[in-house]
Amino acid sequence: MYGVFLFLHNFFRWVVLLLAVIALYRAFSGWLQQKAWSELDRKTGVFFGIALDIQLLLGLILYFVLSPFALKAFMSQGMAFVMGSSEFRFYAVEHFLIMGMAVVFAHLGSILPKKVQSAAAKHQRAAIFFGLAVLMILLGIPWGRPLFPSF
């Protein structure tokens with residue numbers, strides 16, 4: 001079961017990144033080219049946020065339920081062991097916090113444009129927060145893992 005969820009979590013990162021690029025492109029091109037805010041702009045941001053929510057759910061299931069590494073690290077070794085190991089610290093603390101910030105920024109990029117009237121301001125807010133979300137995602141991805149997962 002752990003292998004299946006790890007595969008899904010690794011595979012789904014590409015869905016998240018694809019939607020991130022689309023949302024970021026639409027936000028920046030709308031902002032820089034002074035385009036009108038459309039329903040498609042809103043929906044790409046929402047789908048990006050939903051994809052991150054699914055990715056977060058898969059990660060939380062791995063983290064708290066299925067991961068033999070997390071269980072071993074927290075239950076038998078303790079937090080001192082986790083913080084002393086760069087690999088365990090990355091997954092237990094850094095990856096968890098960085099990706100949590102990415103989820104927050106992506107949702108802010110969908111919510112905050114609703115608070116302003118002008119299309120330029122909507123695109124600007126979306127671009128800034130989607131950009132921050134993408135930056136967090138790129139910082140938090142474990143690039144040492146295979147880029148195209150297998151069982």
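All values below come from the heavy atoms of this structure, side chains included, with hydrogens, waters and symmetry mates left out. The shown structure was predicted, so the numbers you read here are calculated from the model rather than taken from an experiment. Residues: numbered from 1 along the sequence shown.
When all heavy atoms of His95 and Pro142 are compared, the pair lying nearest together is CE1-CD, 3.8 Å. Closest approach of Leu52 and Ala102 over heavy atoms only: CD1-O, 3.8 Å.
Between the side chain of Lys122 and the main chain of Gln117, no donor-acceptor pair closer than 3.5 Å is present. Judged by distance alone, with hydrogens and angles left aside, the side-chain atoms of Asp41 form a donor-acceptor pair with the main-chain N or O of Ser38 at under 3.5 Å.
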Where do Val15 and Phe12 land on the side-chain contact (heavy atoms from CB on, under 4.5 Å) test, with the steps shown first? CA-CA 5 Å; Val15 174; Phe12 207 72; 3.9 Å; yes
Evaluation steps, side-chain contact (heavy atoms from CB on, under 4.5 Å), between Phe48 and Val16: CA-CA 7 Å; Phe48 174 42; Val16 168; 4.2 Å; yes
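The OG atom of Ser110 lies 13.5 Å from the NZ atom of Lys43; values are rounded to the nearest 0.5 Å. Rounding to the nearest 0.5 angstrom, the gap separating the CZ atom in Phe47 from the CD1 atom in Ile54 is 10.5 Å. Distance check, rounded to the nearest 0.5 Å: CG of Leu32 to CD of Gln124 gives 10.0 Å. In this structure, CD on Gln55 lies 8.0 Å from CG on Asn10, to the nearest 0.5 angstrom. Atom NE2 of His9 and atom CG of Leu57 lie 10.5 Å apart (nearest 0.5 Å). A distance of 8.5 Å separates CE of Met1 from CD1 of Ile61, quoted to the nearest 0.5 Å.
Ring-plane geometry between Tyr63 and Phe96 is classed as parallel, the angle between the planes falling under 30 degrees on a 0 to 90 degree scale with a further cut at 60. Using cut-offs of 30° and 60° on the angle between ring planes, the pair Phe28 and Trp31 is tilted.
Through side-chain heavy atoms spaced under 4.5 Å, either directly or across other Ile, Leu, Val, Met, Phe, Trp or Tyr residues, Tyr25 is tied to no other residue.
Taking 4.5 Å as the limit, every side-chain heavy atom of Pro113 sits out of range of all side-chain heavy atoms of His123. Taking the side chain as every heavy atom from C-beta outward, Ile141 and Met99 approach each other to under 4.5 Å. Side chains of Arg125 and Lys115 form a contact here, defined as non-hydrogen atoms less than 4.5 Å apart. With a 4.5 Å cut-off on side-chain heavy atoms, Thr44 and Leu19 do not count as touching.
In terms of hydrophobic clustering, with Ile, Leu, Val, Met, Phe, Trp and Tyr side chains grouped at heavy-atom distances under 4.5 Å, Tyr2 and Val65 are assigned to a common cluster. Follow the hydrophobic side-chain contacts under 4.5 Å out from Ile128 and you reach Met101 in the same cluster. Leu17 and Phe7 fall within the same hydrophobic cluster, defined by Ile, Leu, Val, Met, Phe, Trp and Tyr side-chain heavy atoms under 4.5 Å apart, directly or through other members. Residues Leu62 and Val4 share a single hydrophobic cluster, defined by chaining ILVMFWY side chains whose heavy atoms lie under 4.5 Å apart. Linking Ile, Leu, Val, Met, Phe, Trp and Tyr whenever their side-chain heavy atoms come within less than 4.5 Å leaves Phe129 and Leu97 in two separate clusters.
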Could you go through residues 130-140 and list every donor-acceptor pair under 3.5 Å that involves a side-chain atom there, pairing it with any protein atom two or more places apart or in another chain?
none

